Amino acid sequence: MTRTHVVGGGLAGLAAALALVEAGRPVVLYESGPAAGGRCRSYFDRELGCRIDNGNHLLLTGNCAALSYLEALGTRGSLGGPAEPVFPFLDLPSGERWVLRPNLGRVPWWVLARGRSVPGASLREFLGLLRLRRAGAEATVAGVLAHGVLYRRLLEPLAVAALNTRPEVGSARLLDAVVRETLMRGGAACVPAFPREGLSESFVDPAVTWLRKRGAAVHLGRRVTGLEIADGRVAGLESTGGLEAVGVGDAVVLAVPPPVAAALLPGLVVPDAFEAILNVHYRVSADPGAAGFVGLIGGLAEWVFVKPGVVSVTVSAANHVIDQPAEALADRIWPEVCAALGLTGSMPPARVVKEKRATFAATPEQDGKRPGTRTALANLVLAGDWTATGLPATIEGAIRSGRAAARALIAG
């Protein structure tokens, strides 16, 4: 039987492999690293003496592809979080706290309810979200939305988190795609969830086990270094394990980062500007509160996640600080963590994780460079959160792209 070669073991590659195996297609997966998962992984940090995620990822119940992926693996129950849409915030400059609590239905009466909405925000500001739907391809978030209380206290941090790009240059259309699938669908699509144990334990390790149990070959530590092209198709994969022939009826899913894809497939246009993400993990215990996280306004830290024995901080769109010394960044962020969680004392052991090319910059220009699933080669398709998913570079987008690649091959 013909095989599908999946190059790249991140979430896009894993999602493609799962979908193909479910359809009865033999799969061979190649991952250059010692473990699968790409940017979505966990590891044991010797300095902290505990297991941490390389970054923090917050899912919402509107992320249907991600949740169905976990359902297929039997790990949906590994996610924790509140039972309802609850988003605690702290305005660092003013010290004011509030909790965003969207109602479950589609009619958003919560925007007018004290104790549920953003303090000081007006109904007119909420109605301004509809401008995103009319935004042109070149429109930016900051250029479309009014800069009032709602913008500063919700829409700006939402845009930065969703796009990993500052709203001054971030694509309004991409933010609209996120808003339409979450806030616009009501609170039932906005219940937050995150792995109780770790990203690998929820998304990655069970997928590798699932694939192997069903006969898929998973090669870790094997980097594909070149594609052998003949007669308009991929005829072979050059890798650190030698040359792998790609049979006449075989297919290839290229699920690697955009610079790697462009190097393997000359002439492929891909996003070429990137944004960093900074994560700081502190070895300290804290009260998780009602949600397990706190959003911060007006500081460097944006989201503070409380996990057993570890507090993890995320700074998105971090190009402006990523080159600063790790110790200085941890020192700068620690007082913000203390304010958010009511902690005191000197800074505990910390690990700073810098991802300088975490995602493509979600600008209109870069969004226009995202390729579709199919390529000019008859048996090669693309997958990755950087392809034209219609979403920013997120877990949801990565999984959708892998499934789209599988569908394209199954459809012939």
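Everything numeric in this text was worked out from a predicted model, so none of it was measured. Residues: numbered from 1 along the sequence shown.
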Tell me, with the steps shown, if F203 and L11 meet side chain to side chain contact (heavy atoms under 4.5 Å, CB included).
CA-CA 8 Å; F203 287 92; L11 287 188; 3.9 Å; yes
Closest heavy-atom contact between R374 and A408?
NH2-O, 3.2 Å
Show your working on salt bridge (Lys or Arg N to Asp or Glu O under 4.0 Å) between K354 and D323 and close with a plain yes or no.
CA-CA 9 Å; K354 298 180 178 182; D323 291 325; 5.9 Å; no
CG on L154 to CZ on F89, rounded to 0.5 Å:
5.5 Å
Find the distance between CG (L60) and SG (C190) and round it off to the nearest 0.5 Å.
6.0 Å
Could R332 and E327 be called an ion pair, given the rule that one side-chain N must be under 4.0 Å from one carboxylate O?
no
Kindly compute the distance separating CG (N54) from CG (D45), expressed to the nearest 0.5 Å.
12.0 Å
What is the minimum heavy-atom distance between P82 and V191, and which atoms define it?
O-CG1, 3.4 Å
Stepwise side chain to side chain contact (heavy atoms under 4.5 Å, CB included) check, H281 with V311
CA-CA 6 Å; H281 306 277; V311 170; over 6 Å; no
Are side-chain heavy atoms of W98 and I297 found at a separation under 4.5 Å?
yes
Can any side-chain N or O of N379 pair as donor or acceptor with the backbone N or O of R233 at less than 3.5 Å?
no
Stepwise salt bridge (Lys or Arg N to Asp or Glu O under 4.0 Å) check, R51 with E197:
CA-CA 9 Å; R51 193 166 173 81; E197 189 173 355; 5.7 Å; no
What about F126 and W110, are their ring centers closer than 6.0 Å?
yes
Taking atom CG of L145 and atom CD of E156, what is their separation to the nearest 0.5 Å?
10.5 Å
Mind checking whether V28 and V218 have side chains closer than 4.5 Å, heavy atoms only?
no
For the side chain of T225 and the backbone of E238, is there at least one donor-acceptor N/O pair under 3.5 Å apart?
yes
Using modelled atom types and a 3.5 Å cut-off, is there a donor and acceptor pairing between side-chain atoms of R283 and backbone atoms of A350?
no
Look only at the side chain of T61 and the backbone of A188, and say whether a donor-acceptor pair between them is shorter than 3.5 Å.
yes
Quick check: does any side chain N or O of N103 sit under 3.5 Å from a backbone N or O of V107, one acting as donor and the other as acceptor?
yes
Please walk me through it: do Y43 and I52 pass side chain to side chain contact (heavy atoms under 4.5 Å, CB included)?
CA-CA 6 Å; Y43 62 94; I52 60 174; 3.5 Å; yes
Please check: side-chain N/O of S239 versus main-chain N/O of V224, any donor-acceptor pairing under 3.5 Å?
no
Less than 3.5 Å apart, any donor N or O on the side chain of D367 or S171 sitting next to an acceptor on the other?
no
Would you check if E275 and R357 make a side-chain contact, meaning some heavy-atom pair closer than 4.5 Å?
no
Please tell me whether D250 and T2 have a donor and an acceptor in their side chains that are separated by less than 3.5 angstrom.
no
Can you see which heavy atom on A230 is nearest to which on A235, and at what distance?
CB-CB, 4.1 Å
Please examine the side chains of L278 and V353, heavy atoms only from C-beta on, and report whether any two atoms are closer than 4.5 Å.
no
Got R370 and T387 here, is their nearest side-chain heavy-atom distance under 4.5 Å?
no
Does a donor on one side chain sit under 3.5 Å from an acceptor on the other, for S68 and R403?
yes
Give a yes or no answer on whether the side chain of R116 reaches the backbone of A113 with a donor-acceptor pair at less than 3.5 Å.
no
Applying salt bridge (Lys or Arg N to Asp or Glu O under 4.0 Å), which residue pairs with at least one partner in residues 379-399 are found, sequence neighbours left out?
R39-D385, E396-R400
Does any donor atom in the side chain of S202 or R196 lie under 3.5 Å from an acceptor atom in the other side chain?
no
Roughly how far, to the nearest 0.5 Å, is the CD atom of E302 from the CZ atom of F293?
14.0 Å
Which heavy-atom pair separates A358 from A276 by the least distance, and what is that distance?
CB-C, 4.2 Å
With a 6.0 Å cut-off (strictly less than), is the heavy-atom count around CZ of R223, excluding the residue itself, greater than 12?
no
Any cation-pi pair here, R214 with W210, using under 6.0 Å and within 45°?
yes
CG on L254 to OH on Y30, rounded to 0.5 Å
12.5 Å
Non-hydrogen side-chain atoms of I277 and N164 separated by less than 4.5 Å
yes
T375 vs V381, test: side chain to side chain contact (heavy atoms under 4.5 Å, CB included). Steps then yes/no.
CA-CA 6 Å; T375 70; V381 295; 5.8 Å; no
Quick one, F194 and K307 - any side-chain contact, counting heavy atoms below 4.5 Å?
no
Residues R97, D91: salt bridge by 4.0 Å N-O rule:
no
Atom of I410, atom of R25 and distance for their closest heavy-atom approach
CA-NH2, 3.4 Å
Chi angles and distances behind the side chain to side chain donor-acceptor pair (under 3.5 Å) call for S200, D205
CA-CA 6 Å; S200 291; D205 297 343; 4.6 Å; no
Check the pair R101, E84 against salt bridge (Lys or Arg N to Asp or Glu O under 4.0 Å), reporting the backbone distance first and the verdict last.
CA-CA 8 Å; R101 297 179 182 272; E84 59 181 349; 3.4 Å; yes
For the backbone of S78 and the side chain of T75, can you confirm whether one donor and one acceptor N or O come within less than 3.5 Å of each other?
no
Any V27 side-chain heavy atom under 4.5 Å of L18 side chain:
no
Polar side-chain atom of Y69 near backbone of L14 as donor-acceptor pair, under 3.5 Å
no
Indicate the ring-plane relationship of Y151 and H147, choosing parallel, tilted or perpendicular according to the 30° and 60° boundaries.
parallel
My understanding is that only one of T165, T359, D272 makes a side chain to side chain donor-acceptor pair (under 3.5 Å) with Q366; could you say which?
D272
For V204 and C40 the tightest heavy-atom approach is CG2-O, 3.2 Å
Between T182 and G62 (side chain of the first, backbone of the second, donor and acceptor by atom type, cut-off under 3.5 Å), is there such a pair?
no
